[in-house]
Each structure stands twice: as structure tokens, then as C-alpha cells.
Amino acid sequence: MRYSKLLLPTTKETPAEAEVISHKLLLRAGFIRKLTAGVYTYLPLGLRALQKVSQIVREEMNKAGAQELLMPMVQQGDLWRESGRWQKYGAELLRFTDRHDRDFCLGPTHEEVITDLARRELLSYRQLPTNLYQVQTKFRDEIRPRFGLMRGREFVMKDGYSFDVSDEAAETSYKNMYEAYHSIFNRCGLKFRAVEADTGSIGGSFSHEFMVLAETGEDTLVICEQCNYAANVEKAAIVSPEDNRDPKGELFDMVEVKTPGMKKVERVADFMSVVPSDIIKTMVYLADGEPVAALVRGDREVQLVKLKNMIGADEVEVVDDSTIYDMTKLPVGYLGPVGLPLKVAVDQEVMQMVNCVSGANKKGCHLKGVNPGRDFTPDFVGDLRQITTEDACPTCGGALSLTEGIEVGHIFKLGTAYSEAMNATFQDKEGGEKPFVMGCYGIGVSRVIAAAIEQNNDKNGIIFPLPLAPFQVIVLNLGLKDEKITTAAEQIYQELLAQGIEVLYDDRDERPGSKFKDADLLGIPFRVTVGKVFAKEGKVEMRLRRTGETSTISLKEAADFIVQTIGTELAVSK
RNA sequence: CGGGGCGUAGCGCAGCCUGGUUAGCGCGCCUGCCUUGGGAGCAGGAGGUCGUAGGUUCGAAUCCUACCGCCCCGACCA
């Protein structure tokens, strides 16, 4: 491709709207332009990068035995009523009506459509297992789209679905995808981890997320430093602490203490001459619109996803103190479990606390000598708090570390949730009707690009891993008016093209500085410069974007080196 | 949706507080000259409903009200 003919609007300055590095660079390098919040146009280079990722995804999915199809983006509300998600999915589902006033939505995911297809077309156990996928634009009306391609409302996703005869067979399909996802992200040249994850609104029995490790990640992961345990903190199980209460220990009577103006755990602890871990922290959230209390030790944090799962809510939200007060008339800041007129979910650790301190549900007052079990009875008890690096690995007891990650893939074992709800069955060997055992498998194709950039950049711009680079080589012609230089540049451009290399030929009438800056910004792995060195010595300069390593070699050597290196590097990643 | 911020040329910003001529600057764009190894220089030029609608005023980018859009923090998620 000739740069002079390409719509590739790079900028020196960063648009004010961008916050994270991938968003800034995608805009500056002319990959994307925003249409409206969370909705982007892919310019030619952005599209090329997108196609690179899709291609790898397709190859690996096909290799794993999955078949590509393409489903509709527009789906009727009735289908979503069958699965129960028309009510459950919430405002993220963009709904609208057609001219007959019938309900429709834009597909945020395709369990309903694929299950409908399966019940029509997969009639016999002989057709199973079947694994179907598509690469398609999805729309989710995110509460807050942000960070460019990282969390758009419209985004490109690979979604795949497996159908099996039994739980065991479904697990085989799941493992197959688990392996395929490893191959995909390895081939993309990304540093990633598969972690145990919460199943969220898709539902199902267990799942793994594939996380690209990057500081700007929106998720936090716990990783065991000894075994291979890794999990999202939303999911990471905390080992139930040993009960080391002294059975003969004295239980004090509850006493009310005046603590005016002391709402924070630390203030109360100081005042009462105790430590935060002697205090029961009482937090109130709205679970499906109803206030619910969550209790953790004063030095712990509530993990909202765990709370949601524990109480079986569809949605748990954090609300401000005044909203809670308006709903409950309770003195926020002085809340405690004793006599609290709300459903109470309690972290397992709290149940072992002895003679502790909590709010008194009375403004300016706390209680001491509170004993769980004696003084209050919880509605739910379990693992409720956020894991920390002080906790032990749930599988081996080893030390844990925390790291940030970007979720680029998520696989779920769905079981029969959708097939039962939608009456999707097949005939088994014995002639009986059985529901499909399903799995679903997503990859944020457009997000992979953002994640790759978050992980691969420097102060000059993007550093694409070779498999994702929109062009593999950029040839700079620094002597447009010099016939010898131009002939040589054209020659190597044509030579590389002939060898099947993806080359961007910078034939613009720009000064050398601009061409160098743009080449770096775009992140193209190989740069070949034809300029004054060629005029003098008949040699070109070759530079690797990632290392900055530079060599001066002949035209022929440059072409051979590039062809060979690209060939072996891509072969290795496969 | 709650909290915060911003909307002035394609992009980045100043001007607004304290209302008063033709609304500025840098980048980019166009023309010419010049220059050619890390985003050059000179000269000339095009480009603006100051987010929208009301209001206050002799007079509004500037003050007031409402609305719209965008960005950041939170819940959500590929």
C-alpha cells in the first residue's frame, strides 16, 4: 500500500477525550475515529488490525472443530422473553419497537438466537457435539463506555456456542475451547492468564476469563506464586478461617457507648481502644432495589459480586448514604447487626469474632461486647469479602499476589439453563428428548487490539506484536526527488509485495522527521529506510521497532532477512 | 443513574471571573519560495451559528435558566 493514497490521519497532539494509552495511540495513529460515545469508525489501518485478530481467531476456532456462521444483530423481544432475559438483562440491552409496535433488541450476545437455531436444526445426538461461532458487531448500551476500544458500546466480538449430549461431553468441549483460547492469545503475542471467574449475567456453572496483563486493566486478579491458581478477585475463594475462639472464653454483656461524630472504623477503634479487626463493619447496598446489609470485619472490604451471588440477587448497587437513609430511616454511620431491620449477609470471618464493636443503629452510638450468634442471627453467612495478599491460596496455601488485567476472553459452561428455558432438546440413543448441555465462549476482538497496545508501547507510539501488525514492514523513501533512491525504494517495495509481505510504502512528500515519527507511532515491526545512506553506499537501513536495533545492509539482504524472519516468527507463533 | 469536569476553526487551547470595536494563539490545511536523516523556515491565505434554546441588558463567547453532547470516578462487561 502506498501511504500517499491511504487515509491514515496521524496527529502530533492527543485529542482531549482520551485517557488511557491505547485510546490515545489509536486516535493519534489514525486507527479509529469516534462517532458518538462508545461507537467508533475503524479507519483503514484500524480495520487491518481488526482483521488480523479475527483471522487468528478464525483459524484457531476452525482448527478446534468449530464452524463459523453469522447470526442477526436485530432480535425479537419474544425470544428473549423465552429465556427470561428480557426482564433480567437490564438497560444494557438496547430495546426498540418496529412499525407494528413489536419489541426488538440489538444483540449484546447470542445465546437466544443460537439456542433457537439448535432446537430447530440439531435434532439427534448423532449431530453432537456441535460448536458454532461468529465474528460480529455487538451492541451493549454500557452505563459508561470508556477508554476507546476497551469498553465500547458497539464492539466486535467472537462468540461461540457448544452443544453436547451430556455434562461430561460438555466439559470436553469446554476444555477444547480453553486450549483454543490459549493458542489464540499466544498467537496474538500477548502476555495473558486464564483465571477462574464469576459467571455474571450470562449465567452457568463455571467459567474462566482470559486476562491480558496490563496496568490499565479494569479487573484485579489474584495469582498464586507457588501453584498455578489464578482467579478474578470477584471470584477468588477465601479459605474459611480456623475457628480459634476459646469455648470457655468469657462473653461480655453488650454495652452502649456514646461515639458522637465517629462514623469511620478507624475513629471508633481509636476511641474504644480496639483495633479495626475488632469492629464489625456494616455496609448497606441495594439488591434488586431492596436494602441489604453486608457485614465484614472492620479491616476488610465487601466484594459486591460475592454478595450478589450469596443472596441470589440479579443486581447489587452501591448507593449514597442519603438514599439509604431515605429508604430505611437508619442512622448511616452507626449501623450494626443487632436489631437491624434488614436482611443481613455476613462474612464467615465475622461469625468468629468475640466481644466486638459495632454500630448501635442509633445516631452517635456504638455497642461493645457484641457476639455474633448470641446477639444477632444472620440471614446469609459465607465468603463475602475481597481477597488480599495476606490471604492464602485456596488450593495450595501459598502466597498470593494481585495484578491488573484486561478481560479479552471469557468461557462459560452453561449447562442446560438456556436449553431448558427455551425447550431446546435433541433425541438421545434411547429415543428420549434431552436438553442440550451448552457452553459459550467469547472474545472481545476489538478489545484485543486495545489490550495489545496497552501491553506494547513506548513514548514514540505503538509496538505491534508481528501477528497483529496492520502492516509488517514500512519502507521509507527519503529521497523522492532522487531517481536512484526512489527506484531502489520502489524495488524493495515490489520485491516484498511479491513475497507476500504486507508492506506500507511511505512515498509521501514529507520531510524525513515526519516519516520517522509516523513509522514509530504506527508500530510497524520492520522499517526499511532508503535515503542518503543508499545514495552513498548503495545500502538501506533496517530497524526493528521493538528493540530499535539498526543495521545497514543491501537491498537484497534486507528483503531476504525480512521474508525469512517474518516467516519463522509467524510459524513459531502458530 | 449518583458525584466531578468540559463544550470557542479539523485538532490542542486562551479569552469568560470584572459584558463594550473586525474573537485570538499553536498545530494542521491551501499557495509560493526555500529546505530534506527524527514532526524545519519565510511570506501570503482559507477556515468560527463561541454546543442549542430562551432570558437579563443599549450591548452577551462573557451574566441567568433549561436542554443537548462529551470526558473522568462508581455499579456493568468481550
Side-chain angles (χ1 to χ4, degrees), chain A residues 9-20 23 27-28 33-34 36-38 53 57 89-93 108-109 135-160 181 197-202 209-212 218-219 232 234 285-286 304-305 307-308 314-323 406-412 440-451 460-461 476-482 485 509-521 527 529-536 541 543 550:
Chain A
T10 59
T11 65
K12 217 184 308 190
E13 279 169 315
T14 307
E17 69 192 52
E19 187 77 7
V20 300
H23 191 194
L27 289 167
R28 282 194 55 210
R33 288 294 182 260
K34 184 178 72 189
T36 181
V53 179
V57 168
Y89 212 98
E92 253 176 78
L93 186 64
T109 172
V135 177
Q136 191 205 32
T137 299
K138 296 284 188 277
F139 193 93
R140 294 183 187 174
D141 200 358
E142 294 280 347
I143 306 165
R144 189 155 81 84
R146 58 181 146 176
F147 302 157
L149 293 190
M150 206 103 108
R151 176 181 301 285
R153 294 196 292 172
E154 192 178 283
F155 61 100
V156 177
M157 174 163 144
K158 188 286 296 183
D159 50 323
Y181 273 42
D198 181 66
T199 52
S201 65
I202 306 278
E209 284 168 337
F210 288 76
M211 296 283 189
V212 167
E218 297 183 272
D219 289 275
N232 194 312
E234 294 173 350
Y285 302 95
L286 286 191
L304 287 181
V305 174
L307 173 63
K308 184 174 96 171
D314 289 334
E315 203 182 344
V316 169
E317 48 185 329
V318 180
V319 284
D320 58 25
D321 292 358
S322 60
T323 310
I406 301 166
E407 182 188 354
V408 290
H410 199 162
I411 60 178
F412 303 80
C440 80
Y441 316 96
I443 290 179
V445 174
S446 40
R447 186 183 278 178
V448 166
I449 297 168
N460 295 317
L476 304 188
N477 179 343
L478 297 191
L480 265 186
K481 295 185 182 99
D482 182 318
I485 289 173
D509 185 13
E510 291 288 339
R511 296 166 56 84
S514 305
K515 296 193 175 191
F516 289 135
K517 289 291 184 190
D518 277 334
D520 284 350
L521 179 60
R527 187 183 83 191
T529 305
V530 189
K532 70 180 186 193
V533 179
F534 185 82
K536 259 190 247 155
E541 180 187 328
R543 185 182 168 96
T550 308

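Values below: every heavy atom of this structure, side chains too, minus hydrogens, waters and symmetry copies.
In this structure, the side chains of A/Asp509 and A/Lys481 come closer than 4.5 Å at one or more pairs of heavy atoms. Counting heavy atoms from C-beta outward, A/Val445 and A/Val448 have side chains that stay 4.5 Å or more apart. You'll find the side chain of A/Arg447 stays beyond 4.5 Å of the side chain of A/Val212, heavy atoms only. Within the 4.5 Å cutoff, side-chain heavy atoms of A/Tyr285 are placed close to those of A/Val318. You'll find the side chain of A/Arg33 reaches within 4.5 Å of the side chain of A/Pro9, heavy atoms only.
The distance from the OG1 atom of A/Thr10 to the CG atom of A/Leu27 is 12.0 Å, given to the nearest 0.5 Å. Between the CZ atom in A/Arg140 and the CD atom in A/Glu92 there is a gap of 7.0 Å [rounded to 0.5 Å].
The CE atom of A/Met150 sits 15 Å away from the P atom of B/A78 (whole-angstrom rounding). A/Glu209 places its CD atom 10 Å from the P atom of B/C77, with the value rounded to the nearest Å. With rounding to whole Å, A/Asp219 atom CG is found 11 Å from B/A75 atom P. Counting to the nearest Å, the P atom of B/A78 and the NZ atom of A/Lys138 are 11 Å from each other. Spacing between atom CG of A/Asn232 and atom P of B/C77 amounts to 11 Å, rounded to whole angstrom units. Here the P atom of nucleotide B/G3 and the CD atom of A/Glu317 are 14 Å apart, to the nearest Å. Taking atom CD of A/Glu19 as the reference point, atom P of B/C70 lies 17 Å away to the nearest angstrom. Summarising the geometry, the separation between CG on A/Leu27 and P on B/G28 is reported as 19 Å, rounded to the nearest angstrom.
Comparing the C1' positions of B/A40 and B/G47 gives an interatomic distance of 24 Å, to the nearest angstrom. Atom P of B/C11 sits at a distance of 15 Å from the matching atom of B/C29, rounded to the whole Å. With C1' as the reference atom, B/A61 and B/U8 are 7 Å apart, rounded to whole Å. Annotation: B/G12 and B/C71 have their C1' atoms spaced 15 Å apart (nearest Å). Across the P atoms, B/U21 and B/U62 are found 14 Å apart, a figure rounded to whole Å.
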Practice task
For nucleotides 31-41 of chain B, just jot down a letter per nucleotide in 5' to 3' order: B, S or -, based on protein non-hydrogen atoms under 4.0 Å.
Solution key: ----BBBBBB-

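The partner of B/G7 is B/C68, by the rule that a Watson-Crick or G-U pair needs both atom distances under 3.5 Å. With both pairing distances under 3.5 Å, B/C63 is matched to B/G55 as a Watson-Crick or G-U wobble pair. In this structure, B/G2 forms a base pair with B/C73, meeting either the Watson-Crick or the G-U wobble geometry with both donor-acceptor distances under 3.5 Å. Nucleotide B/C33: paired with B/G41 (Watson-Crick or G-U wobble, both distances less than 3.5 Å). B/U18 is unpaired under the Watson-Crick or G-U wobble criterion, no partner having all donor-acceptor distances under 3.5 Å.
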Nucleotide N/O to protein N/O under 3.5 Å, stretch nucleotides 12-14 of chain B:
from: B/G12; atom 1: OP1; to: A/Ala16; atom 2: N; distance (Å): 2.8

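Remark: A/Arg146 does not engage A/Glu19 in a salt bridge, criterion side-chain N to carboxylate O under 4.0 Å.
Residue-level contact check: A/Asp159 touches neither bases nor backbone, having no heavy atom under 4.0 Å from any strand. A/Gly152 comes within 4.0 angstrom of a nucleotide base, judged by non-hydrogen atoms across all strands. Counting non-hydrogen atoms under 4.0 angstrom, A/Phe147 reaches the backbone sugars and phosphates but no base. Counting non-hydrogen atoms under 4.0 angstrom, A/Ile143 reaches a base of the nucleic acid.
Positionally, the nearest nucleotide of RNA chain B for A/Val316 lies more toward the 5' end than for the other of A/Phe210 and A/Val316. Each of A/Glu92 and A/Ala18 lies near RNA chain B, and the nucleotide nearest A/Ala18 is the one positioned closer to the 5' end.
Classification of the A/Phe210-A/Tyr181 ring pair by plane angle, with boundaries at 30° and 60°, yields tilted.
For the side chain to side chain contact (heavy atoms under 4.5 Å, CB included) test with A/Met211, the passing option among A/Asn232, A/Ile406, A/Val408 is A/Asn232; the others fail. Partner of A/Asp159 under the side chain to side chain donor-acceptor pair (under 3.5 Å) criterion, chosen from A/His410, A/Gln136, A/Lys138: A/Lys138.
Contact annotation: A/Arg144 does not reach the phosphate of B/C76 (side-chain N/O to OP1 or OP2, under 4.0 Å).
Counting atom types as modelled, A/Arg447 pairs a side-chain N or O with a base atom of B/C77 as donor and acceptor under 3.5 Å. In terms of polar N and O atoms assigned as donor or acceptor, the side chain of A/Arg140 never comes within less than 3.5 Å of the base of B/C77 in a complementary pairing.
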